[in-house]
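One is the number of the first residue; the rest follow in order along the sequence.
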Amino acid sequence: MKNRYSKLTLIVSCLMALFPVNVFADSSWVWISEKRPFDILPWVALGTILIEWLSIWLKPKTGNAFKVLGIVIVANAASFLLPYAFLKADLSWYGTFEDILDSGPHYIVSGVFLLLTLLIEMPIVYNVLKSNVQNKKKLQLTIIISNVVTTAGVAIIERLITEGHW
């Protein structure tokens with residue numbers, strides 16, 4: 001049990017190192033690329049769904065591919081595509097969600113996003129598919145690993161395609 005916590009601590013530490021946050025006082029952020037994080041969200045969401053679907057369907061052998069695909073889509077919609085619902089909503093004195101994203105280095109995917117993704121997706125996918133597998137731990141581990149891999153991949157892609165500076 002102690003070994004698992006050590007591994008989890010190592011994984012979380014590595015992810016935190018991938019997503020450092022710098023503070024530049026009295027500076028303005030300027031996007032220098034044509035693309036913004038929100039622009040690439042639909043494409044990386046499709047890739048994420050594909051990777052998670054295949055890994056959750058094939059690794060713990062959950063059976064019905066279409067059922068797994070459906071639940072992965074629903075879980076990802078709950079955690080990954082939800083910001084689109086708020087794109088034009090006036091959220092605060094800062095303006096719309098889109099205005100907030102354009103005003104600074106607000107990448108959508110980060111370590112906090114991974115935590116929220118796991119908190120939302122894990123119960124949805126696990127509770128629906130646990131009756132379809134013999135090894136429930138393998139299902140849990142596959143859900144966690146596939147989400148860590150896809151979230152880290154999306155964060156890297158997001159930072160490579162959308163660039164800015166202070």
Starting at [atom1] of [X], measure out to [atom2] of [Y] and round the result to the nearest 0.5 Å.
X      : Y      : atom1 : atom2 : answer
Leu114 : Leu119 : CG    : CG    : 9.5 Å
Ile73  : Phe66  : CD1   : CZ    : 10.5 Å
Trp53  : Leu58  : CH2   : CG    : 8.0 Å
Gln134 : Lys61  : CD    : NZ    : 9.5 Å
Ile120 : Asn76  : CD1   : CG    : 10.5 Å

| request: With side chain to side chain contact (heavy atoms under 4.5 Å, CB included) as the test, would you mind laying out the steps for Val72 and Thr48 before giving the verdict? | output: CA-CA 10 Å; Val72 167; Thr48 296; over 6 Å; no

| request: May I ask whether Ile40 and Ile51 are part of the same hydrophobic cluster, defined by side-chain heavy atoms of I, L, V, M, F, W, Y residues being less than 4.5 angstrom apart, directly or through others? | output: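 As far as the 4.5 Å side-chain criterion goes, Ile51 and Ile40 are not connected within one cluster.
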
| query | In terms of hydrophobic clusters joined by side-chain contacts under 4.5 Å, are Ile124 and Leu50 together? | reply | yes

| task | Begin with the C-alpha distance, continue with both residues' side-chain angles, and end with the deciding distance and a verdict on side chain to side chain contact (heavy atoms under 4.5 Å, CB included) for Val149 and Ile145. | result | CA-CA 6 Å; Val149 167; Ile145 290 172; 4.2 Å; yes

| Is Val128 close to Lys67 at the side-chain level, that is, under 4.5 Å between some pair of heavy atoms? | yes

| Taking it one step at a time, do Asn147 and Met122 satisfy side chain to side chain contact (heavy atoms under 4.5 Å, CB included)? | CA-CA 9 Å; Asn147 274 285; Met122 180 69 175; over 6 Å; no

| query | Taking all non-hydrogen atoms of both residues, which atom of Glu121 and which atom of Glu52 are closest, and how far apart? | reply |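 That would be OE1-OE1, 3.0 Å.
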
| said: On a heavy-atom basis, which atom in Val133 and which in Lys136 lie closest, and how many Å separate them? | reply: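 Nearest heavy atoms, Val133 then Lys136: O-NZ, 3.9 Å.
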
| request: Please lay out, stage by stage, how Leu139 and Tyr126 fare under the test side chain to side chain contact (heavy atoms under 4.5 Å, CB included). | output: CA-CA 7 Å; Leu139 175 62; Tyr126 178 75; 3.7 Å; yes

